[in-house]
Amino acid sequence: MGAQTTSTRGTFEARVLTLVRRIPRGRVATYGDVAELAGRPRAWRAVGTIMSNCRSPTVPCHRVVGAGGRLGGYSEPWRKRQLLREEGIVVGRRAIRQFSQVRWTPR
DNA sequence: ATTTTGACCGTGC
DNA sequence: CGCACGGCCAAAA
């Protein structure tokens with residue numbers, strides 16, 4: 001490695017996808033969380049853009065939610081709520097209940 | 001290199 | 001409480 005060891009050499013997108021794959025079943029992370037974990041704390045906007053493009057079944061993109069536990073976007077919103085509920089997450093009309101308890105933090 | 005495009009976020013009214 | 005706006009950022013055009 002050269003002197004410039006800023007961080008991974010992969011694209012931001014690659015890091016984001018890797019992170020999202022690590023979110024366990026029954027847990028969630030916000031777009032902001034993912035951005036921060038990927039090393040770009042303010043790139044939440046870009047994370048959303050990446051998610052919109054991510055059609056890979058190996059990436060549980062439904063576990064990436066909006067700030068404060070709000071659902072955020074999805075290709076088909078009702079499907080996102082359904083998937084989260086199937087994992088045991090309680091979703092109210094607007095947001096996830098007990099959000100702080102289901103919010104994922106890497107170890 | 002510059003412009004456009006979003007599954008966003010926080011603030012203010 | 002809800003909506004509009006500005007700011008933010010990486011990737012694609």
Side-chain angles (χ1 to χ4, degrees):
Chain A
M1 295 282 275
Q4 181 114 68
T5 62
T6 45
S7 61
T8 52
R9 197 143 300 177
T11 62
F12 179 69
E13 176 177 11
R15 279 178 284 164
V16 166
L17 295 180
T18 297
L19 277 164
V20 174
R21 258 185 291 252
R22 291 179 54 195
I23 303 175
R25 197 185 152 78
R27 312 295 294 281
V28 298
T30 68
Y31 294 93
D33 289 340
V34 175
E36 181 160 3
L37 292 169
R40 294 286 182 284
R42 287 166 218 173
W44 6 262
R45 196 80 146 91
V47 172
T49 302
I50 292 167
M51 288 296 110
S52 68
N53 262 324
C54 164
R55 307 163 191 73
S56 275
T58 64
V59 180
C61 50
H62 63 281
R63 296 185 189 140
V64 182
V65 301
R70 272 170 315 236
L71 285 194
Y74 201 71
S75 53
E76 294 167 295
W78 65 90
R79 180 81 179 127
K80 188 170 188 175
R81 259 197 307 222
Q82 179 185 33
L83 289 170
L84 291 175
R85 279 174 174 156
E86 285 175 3
E87 299 189 359
I89 295 172
V90 184
V91 186
R93 271 175 78 270
R94 296 278 309 165
I96 292 172
R97 313 261 192 196
Q98 309 295 305
F99 175 54
S100 55
Q101 299 189 33
V102 296
R103 191 179 190 174
W104 175 67
T105 303
R107 77 192 207 74

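The model shown is predicted, which means the values in this text are computed figures rather than measured ones. Numbers restart at 1 for each chain; the letters A, B, ... are given by sequence-line order, proteins then strands.
Taking atom CZ of A/Arg40 as the reference point, atom C1' of B/dC9 lies 19 Å away to the nearest angstrom. Between the CG atom of A/Asp33 and the C1' atom of B/dA7 there is a distance of 16 Å, given to the nearest Å. The CZ atom of A/Arg42 sits 15 Å away from the C1' atom of B/dC8 (whole-angstrom rounding). One atom, CG of A/Leu37, and another, C1' of B/dC8, lie 16 Å apart when rounded to the nearest Å. Rounded to whole Å, the distance from CD on A/Glu36 to C1' on B/dC9 is 14 Å. Summarising the geometry, the separation between CG on A/Asn53 and C1' on B/dA7 is reported as 10 Å, rounded to the nearest angstrom.
Judged by distance alone, with hydrogens and angles left aside, the side-chain atoms of A/Arg15 form a donor-acceptor pair with the main-chain N or O of A/Ala38 at under 3.5 Å. Between the side chain of A/Arg42 and the backbone N or O of A/Arg40 there is no donor-acceptor pair closer than 3.5 Å. Listed for the A/Arg85 side chain is no donor-acceptor partner under 3.5 Å among the backbone atoms of A/Gln82.
Where A/Thr49 and A/Trp44 each meet DNA chain C at their nearest nucleotide, the meeting point lying more 5' is that of A/Trp44. Where A/Val47 and A/Ala67 meet DNA chain B, the nucleotide closest to each residue was compared, and A/Val47 sits on the side nearer the 5' end.
Of the listed residues (A/Arg79, A/Glu87, A/Lys80, A/Arg81), just one forms a side chain to side chain donor-acceptor pair (under 3.5 Å) with A/His62, and that residue is A/Glu87.
At the heavy-atom level, A/Arg45 lies under 4.0 Å from base atoms of the strands shown. A/Ala46 comes within contact range of at least one nucleobase, with a heavy-atom separation under 4.0 Å.
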- Evaluate side chain to side chain contact (heavy atoms under 4.5 Å, CB included) for A/Val16 paired with A/Arg21, printing each intermediate quantity in order. CA-CA 9 Å; A/Val16 166; A/Arg21 258 185 291 252; over 6 Å; no
- Message: One pair to check against side chain to side chain contact (heavy atoms under 4.5 Å, CB included): A/Val64 and A/Ile23. What are the steps and the verdict?
- Response: CA-CA 9 Å; A/Val64 182; A/Ile23 303 175; 4.2 Å; yes
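The shortest distance between side-chain heavy atoms of A/Leu84 and A/Val65 falls below 4.5 Å.
When DNA chain C is scanned in the 5' to 3' direction for atoms under 4.0 Å from non-hydrogen atoms of chain A, the outermost contacting nucleotides are C/dG7 to C/dA11.
Between A/Ser52 and B/dA7, a side-chain N or O to OP1/OP2 separation shorter than 4.0 Å is present.
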